[in-house]
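First listed ligand is number 1; within each ligand, the first listed atom is number 1. Just so it is clear, the model here is predicted, and its values are computed rather than measured.
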Amino acid sequence: MKIELEVPDDLVDGKVLWLFAGSNHIGVKRPDDDWAIKDGHCSMCGRCCMASHIRKMGLPIKDGYCANLRDHPEEEGKKMCGFGANRPFLCSIGHPKFIPECTVTWRRANGE
Ligand code: SF4
Ligand code: SF4
């Protein structure tokens, strides 16, 4: 899908722009940079909900993970957020590069 739109400069100048498909963060554009587009999907492993990653957010911790992390009711081995689509913004945009199992990857919209 190609998305093109005109927005007023004074609304977006100097701002970080976020693109979401539902609650799935799929794009980001920082000032003076091109769009970064998600091209590797989240496998819902739940590893980024580790206490070490989220400690500063003040979320409750249980067994080393956020206490809101749930087993997916339909997909064996997958995890989901107990907040559903209302999960915190910082959780939605956090795609930790330090987790080897993380399957989320990004590419530049200009192909670089
Ligand atoms: S609030 Fe949800 S997405 Fe955020 S760390 Fe907890 S379980 Fe993970
Ligand atoms: S570590 Fe990566 S693949 Fe696993 S749940 Fe978090 S974002 Fe998804």
Side-chain angles (χ1 to χ4, degrees):
M1 176 187 290
K2 185 168 184 173
I3 300 172
E4 288 184 88
L5 69 168
E6 290 282 340
V7 290
D9 287 347
D10 60 338
L11 285 183
V12 298
D13 280 350
K15 300 282 196 284
V16 180
L17 306 183
W18 305 99
L19 181 64
F20 283 78
S23 60
N24 185 12
H25 172 217
I26 60 168
V28 60
K29 184 189 181 314
R30 301 184 190 287
D32 303 322
D33 201 354
D34 194 10
W35 280 94
I37 306 297
K38 183 184 281 184
D39 65 355
H41 289 246
C42 171
S43 60
M44 301 173 74
C45 70
R47 298 272 298 164
C48 56
C49 302
M50 281 187 293
S52 58
H53 184 49
I54 62 156
R55 194 174 304 278
K56 290 179 182 164
M57 296 175 64
L59 292 165
I61 303 294
K62 183 182 172 193
D63 300 329
Y65 283 82
C66 175
N68 297 299
L69 192 63
R70 308 272 187 273
D71 288 330
H72 196 287
E74 294 163 7
E75 298 191 54
E76 178 97 23
K78 293 192 175 183
K79 301 288 185 182
M80 59 179 286
C81 177
F83 289 130
N86 295 317
R87 70 183 169 196
F89 178 72
L90 281 175
C91 297
S92 294
I93 63 168
H95 304 294
K97 293 179 180 168
F98 65 90
I99 296 176
E101 295 89 346
C102 185
T103 53
V104 171
T105 55
W106 297 83
R107 66 172 171 78
R108 295 280 171 185
N110 64 8
E112 289 177 1

*Asks:* What's the shortest distance from atom 7 (S) of ligand 1 to any protein heavy atom, and which residue and atom give it?
*Replies:* L69 N, 3.5 Å
*Asks:* Using a cut-off of strictly less than 2.8 Å, determine whether C66 has an N/O/S atom near atom 6 (Fe) of ligand 1.
*Replies:* yes
*Asks:* Note the single closest protein heavy atom to atom 6 (Fe) of ligand 2, along with its residue, its atom name and the distance in Å.
*Replies:* C48 SG, 2.4 Å
*Asks:* Give the atom numbers and elements of ligand 2 that come within less than 4.0 Å of a heavy atom of T103.
*Replies:* 3 (S)
*Asks:* Between K38 (side chain only) and V104 (backbone N and O only), is there a donor and an acceptor less than 3.5 Å apart?
*Replies:* no
*Asks:* Test of understanding: given a 4.0 Å heavy-atom threshold, classify the contact between F83 and ligand 1 as side chain, backbone, both, or neither.
*Replies:* side chain
*Asks:* As an exercise, identify every atom of ligand 1 less than 4.0 angstrom from a heavy atom of C91.
*Replies:* 1 (S), 3 (S), 4 (Fe), 5 (S)
*Asks:* Numbering the atoms of ligand 1 from 1, which are under 4.0 Å from a heavy atom of P88?
*Replies:* 1 (S)
*Asks:* Any atoms of ligand 1 less than 4.0 Å from a non-hydrogen atom of C81? List them with their elements.
*Replies:* 1 (S), 2 (Fe), 3 (S), 7 (S)
*Asks:* Classify the angle between the aromatic ring planes of F20 and F89 as parallel (below 30°), tilted (30 to 60°) or perpendicular (above 60°).
*Replies:* tilted
*Asks:* Specify the closest pair of heavy atoms between W35 and G27, including all atoms of both residues, with the distance to one decimal.
*Replies:* CZ3-C, 3.8 Å
*Asks:* Side-chain heavy atoms under 4.5 angstrom apart, residues restricted to Ile, Leu, Val, Met, Phe, Trp, Tyr: same cluster for I93 and L17?
*Replies:* no
*Asks:* Do L90 and F98 belong together in a cluster built from hydrophobic side chains that touch within less than 4.5 Å?
*Replies:* no
*Asks:* Which residue and non-hydrogen atom of the protein lie closest to atom 8 (Fe) of ligand 1, and at what distance in Å?
*Replies:* C49 SG, 2.3 Å
*Asks:* So which protein heavy atom does atom 2 (Fe) of ligand 2 come closest to, and at what separation?
*Replies:* C102 SG, 2.4 Å
*Asks:* Are I3 and W18 linked, directly or through intermediate hydrophobic residues, by side-chain heavy-atom contacts shorter than 4.5 Å (ILVMFWY only)?
*Replies:* no
*Asks:* Looking only at protein heavy atoms, which one is nearest to atom 5 (S) of ligand 2, and how far off is it?
*Replies:* G46 N, 3.2 Å
*Asks:* Flag C42 as yes if one of its N/O/S atoms falls below 2.8 Å of atom 4 (Fe) of ligand 2, otherwise no.
*Replies:* no
*Asks:* With a cut-off of 4.0 Å, which atoms of ligand 1 are near a heavy atom of I54?
*Replies:* 5 (S)
*Asks:* What closest approach, in Å, do C48 and I54 show between heavy atoms, and which atom pair accounts for it?
*Replies:* O-CG2, 3.9 Å
*Asks:* For atom 4 (Fe) of ligand 2, what is the closest protein heavy atom, and at what distance to 0.1 Å?
*Replies:* C45 SG, 2.3 Å
*Asks:* So for atom NE2, which belongs to H72, do other residues, nucleotides or ligands contribute more than 12 heavy atoms lying within a distance under 6.0 Å?
*Replies:* yes
*Asks:* Rounded to the nearest 0.5 Å, what's the gap from CG on L69 to CZ on R47? Could you check?
*Replies:* 11.5 Å
